[in-house]
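So the structure is just underneath, and the comments pick up after that.
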Amino acid sequence: MSTPSGSPALTPAPSQTRHERTGRALRETFVQLGPTYVKLAQLLSSSPGLFPPSITDELRPLLDQVPPAPIDTIRELISAELGAPPEELFVTFDPQPLASASIAQVHAATLADGQQVVVKVQRPGIRGRLAADVRLLHHGARGLERASRLGRMANAVGVVEDFAATLDDELNFVTEARSMERWSANLARSGGHDGVRTPRVHWPLTTARVLTMERVDGIPDRRPARRRGRRPRPSRRAP
């Protein structure tokens with residue numbers, strides 16, 4: 001096959017095409033299995049050294065493009081956490097999320113004083129589903145260690161336990177909010193980070209399952225700085 005100019009057309013290597021199909025099938029399977037497995041897929045997509053780029057690239061949309069929870073259930077959760085529906089708490093509240101991932105989704109909103117904020121809302125019922133999935137993963141890890149030397153070398157049970165502990169921390173948005181403020185205070189004390197911005201937490205509208213913070217717009221770029229052909233530079237925006 002050749003291009004209109006007569007030069008040979010480049011076709012994907014068979015292994016690349018196979019990896020892309022594998023990655024696509026994995027992404028669809030993880031979404032169907034639910035939030036715990038989506039979180040696993042996020043870890044895989046952030047570990048390009050373990051898998052071919054054609055697989056990790058297929059999994060990367062699961063970082064923020066998971067099908068969102070129905071807006072009615074999100075309104076109910078906000079009402080339960082904050083005492084009123086979003087229409088009464090905010091001047092505007094966009095029912096279409098800016099991003100949606102395994103544990104939560106993020107909605108744009110406006111406060112009464114005109115401030116633009118984002119509202120991170122935990123997926124309803126997520127804690128129970130994660131607990132059940134982690135029990136299954138733990139059972140599978142124990143079986144893998146009993147049946148396989150590789151499983152014992154990989155410390156499969158320890159990996160699942162670390163994964164479960166991380167999930168438990170992520171389910172408490174108050175912990176996340178305090179970590180943001182602690183990180184901001186540490187930067188301020190160390191000096192030399194004037195270009196770094198940390199969104200301000202709005203505590204009256206924050207609970208363990210709802211996190212309201214200042215909206216800071218930016219352009220996501222998850223590529224390592226070396227791949228972009230320049231030296232790493234401090235980010236002007238903090239997530």
Side-chain angles (χ1 to χ4, degrees), residues 25-46 58-90 92-109 117-143 156-157 159-180 199 201-213 215 239:
L26 282 173
R27 172 166 50 82
E28 293 171 354
T29 300
F30 281 133
V31 169
Q32 291 172 1
L33 287 173
T36 306
Y37 299 91
V38 170
K39 176 59 68 176
L40 282 173
Q42 292 172 349
L43 295 176
L44 296 179
S45 73
S46 303
E58 281 289 340
L59 296 177
R60 192 161 290 121
L62 296 182
L63 289 169
D64 56 10
Q65 298 176 30
V66 179
I71 188 59
D72 288 343
T73 64
I74 293 297
R75 287 192 176 99
E76 290 174 4
L77 190 145
I78 291 175
S79 296
E81 290 292 307
L82 300 179
E87 292 78 11
E88 296 181 16
L89 298 168
F90 305 97
T92 66
F93 182 86
D94 191 347
Q96 182 67 32
L98 294 169
S100 179
S102 57
I103 288 176
Q105 57 197 60
V106 178
H107 294 262
V117 296
V118 293
V119 186
K120 181 177 179 180
V121 186
Q122 194 170 115
R123 286 179 176 268
I126 187 71
R127 185 175 287 276
R129 293 188 62 184
L130 290 177
D133 287 343
V134 168
R135 285 195 295 270
L136 289 175
L137 289 173
H138 200 273
H139 180 75
R142 287 200 305 269
V157 171
V159 170
V160 171
E161 288 175 348
D162 287 345
F163 179 63
T166 300
L167 283 177
D168 194 55
D169 287 340
E170 290 190 25
L171 287 172
N172 189 338
F173 292 171
V174 171
T175 300
E176 179 179 346
R178 287 173 178 162
S179 296
M180 290 169 57
V201 177
H202 291 270
W203 284 106
L205 297 171
T206 294
T207 70
R209 297 198 293 170
V210 177
L211 171 57
T212 304
M213 70 186 92
R215 179 169 183 172

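Atom set for the values below is all heavy atoms of this structure, side chains included, hydrogens, waters and symmetry mates excluded.
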Which atom names give the shortest non-hydrogen contact between P124 and A69, and what distance separates them?
-> CD-CB, 4.2 Å
Mind checking the CD1-NE2 spacing from I71 to H107? Nearest 0.5 Å is all I need.
-> 4.5 Å
Output yes when a side-chain donor or acceptor of R123 lies under 3.5 Å from a complementary backbone atom of A101, and no otherwise.
-> yes
Indicate yes or no: at least one non-hydrogen side-chain atom of V201 is less than 4.5 angstrom from one of F173.
-> no
Smallest heavy-atom separation, A84 atom then L89 atom, equals O-CD1, 3.3 Å
Nearest heavy-atom pair of P97 and P68: which atoms, and what distance?
-> CG-CB, 3.7 Å
Quick one: CG on L77 to CG on D72, what's the gap to the nearest 0.5 Å?
-> 13.0 Å
Does W203 reach the side chain of V174, with side-chain heavy atoms less than 4.5 Å apart?
-> yes
Separation between CD (E87) and CD1 (I78), nearest 0.5 Å, reads 8.0 Å
List the atom of R215, the atom of A108, and the distance in Å for their closest heavy-atom pair.
-> NH1-CB, 3.4 Å
Here the gap from Q122 atom CD to I74 atom CD1, rounded to the nearest 0.5 Å, amounts to 9.5 Å
Expected output: side-chain T212 to main-chain V119 donor-acceptor under 3.5 Å | no
Can you tell me how far the CG atom of L82 sits from the CZ atom of R209, to the nearest 0.5 Å?
-> 10.5 Å
Approximate separation, where rounding is to 0.5 Å, of L205 CG and L211 CG | 10.5 Å
